[in-house]
Amino acid sequence: MRIFDPHIHMTSRTTDDYEAMRDAGVRALVEPAFWLGQPRTNVGSFVDYFDSLLGWERFRAAQFGIAHHCALALNPKEANDPRCAEVLDVLPRYLAKDGVVAVGEVGYDSMTPEEDDAFARQLELALRHDLPVLVHTPHRDKQAGTQRTLDVVRESGLAPHRVLVDHLNETTVKMVADAGCWMGFSVYPDTKMDEARMVALLAEYGTERMLVNSAADWGRSDPLKTRKTGLAMLDAGFDESEVDTVLWRNPVEFYGQSGRLALEPVAAGAVDAATGSSVLRGER
């Protein structure tokens, strides 16, 4: 079973997790920028974080034979903090870098005017940089938040097939399917989706434009939930090709729209872990 986890926060995970993921069949992943659990107080903190995702995490993943990519953005939760607003000014230079395959996570947390502004501006950046977008739907009032998300995407002029709307469930999947966007599902130990519910949705809606992720981070989560979902699909009667579609071909097709997907891990020494620069190419 080959696995591409399209949404996981490896900066919060250990090398033991990388090893277990490799042994489970994970060969590629996308790490979206997110809230670290404690508020960042200045733009420099984001700059250091972005550099780490582009350098250090790519290096760590490569040690275990996993191709690491990232999505960069000002996340919805911190879009409400005026100390972080300048991130939108430094983001364009990062969106031009190797390894960045999407703008994300963007979208809504509390659906504030500040989130509206950050969301719209980052969709505009995605258009300008010809990148797909990973959208976070709110944990509270999810139906209203998802509908508002789709309205903003439509108004942006971004093509639906360039948008992955994540953290969906039974109440929101149909509206996203009807809108023509890609559908993302986070499978968790206690919250969001579980394997049985995910398999039921795949049986109802099929495998087209469906992506399963672990969204593993600093909270209670499981970086092997992708594989466990694949095994549950097989137990439910899906064939190996259908599992491969959900766990590999779909994320490759979505993020491949960036033109930057590299499914071979970066060679040791090819990335400066401190700066995120490609040493072999001499990028600075």
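These values consider heavy atoms only, across backbone and side chains, with no hydrogens, waters or symmetry-generated copies.
The side chain to side chain contact (heavy atoms under 4.5 Å, CB included) search around Glu208 returns none, not counting sequence neighbours. With sequence neighbours left out, the side chain to side chain contact (heavy atoms under 4.5 Å, CB included) criterion links Ala159 to His161, Arg162.
Comment: Arg40 does not engage Asp81 in a salt bridge, judged by the lack of any side-chain N to carboxylate O separation of less than 4.0 angstrom. By the 4.0 Å N-to-carboxylate-O rule, Arg22 lies close enough to Glu19 to be salt-bridged with it. A salt bridge is absent between Lys225 and Asp194: the closest approach of a Lys/Arg side-chain nitrogen to an acidic carboxylate oxygen does not fall below 4.0 angstrom. Salt-bridge annotation for Arg2 and Asp244: present, with a side-chain N of the basic residue lying under 4.0 Å from a carboxylate O of the acidic one. Taking 4.0 Å as the cut-off between side-chain N and carboxylate O, Asp151 and Arg154 count as a salt-bridged pair. Between Asp51 and Lys97 no salt bridge is recorded (no basic side-chain N to carboxylate O distance below 4.0 Å). A salt bridge does not link Arg249 to Glu253: none of the charged nitrogens lies less than 4.0 Å from a carboxylate oxygen.
Ring planes of His139 and His167: tilted class, angle from 30 to 60°.
Between the side chains of Thr112 and Asn80, a donor-acceptor pair is found at a separation under 3.5 Å.
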Taking it one step at a time, do Val199 and Phe238 satisfy side-chain contact (heavy atoms from CB on, under 4.5 Å)?
-> CA-CA 9 Å; Val199 168; Phe238 287 89; 3.9 Å; yes
Decide side-chain contact (heavy atoms from CB on, under 4.5 Å) for Met21 and Ile8; before the verdict, give the C-alpha distance in whole Å, the side-chain angles of both, and the deciding distance to 0.1 Å.
-> CA-CA 11 Å; Met21 290 162 62; Ile8 185 169; 3.8 Å; yes
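Membership of the apolar cluster around Leu263 extends to Phe4, Val30, Val101, Leu134, Leu164, Trp182, Leu211, Trp248, Val252, Phe254, Tyr255, Leu261, as traced through chained side-chain contacts below 4.5 Å between ILVMFWY residues.
The two residues Ala126 and Val133 make their nearest non-hydrogen contact at CB-CG2, 3.3 Å.
In terms of modelled atom types and a separation under 3.5 Å, the side chain of Glu115 and the main chain of Ser110 share a donor-acceptor contact.
Surrounding CD of Glu240 are at most 12 heavy atoms belonging to other residues, nucleotides or ligands under 6.0 Å away.
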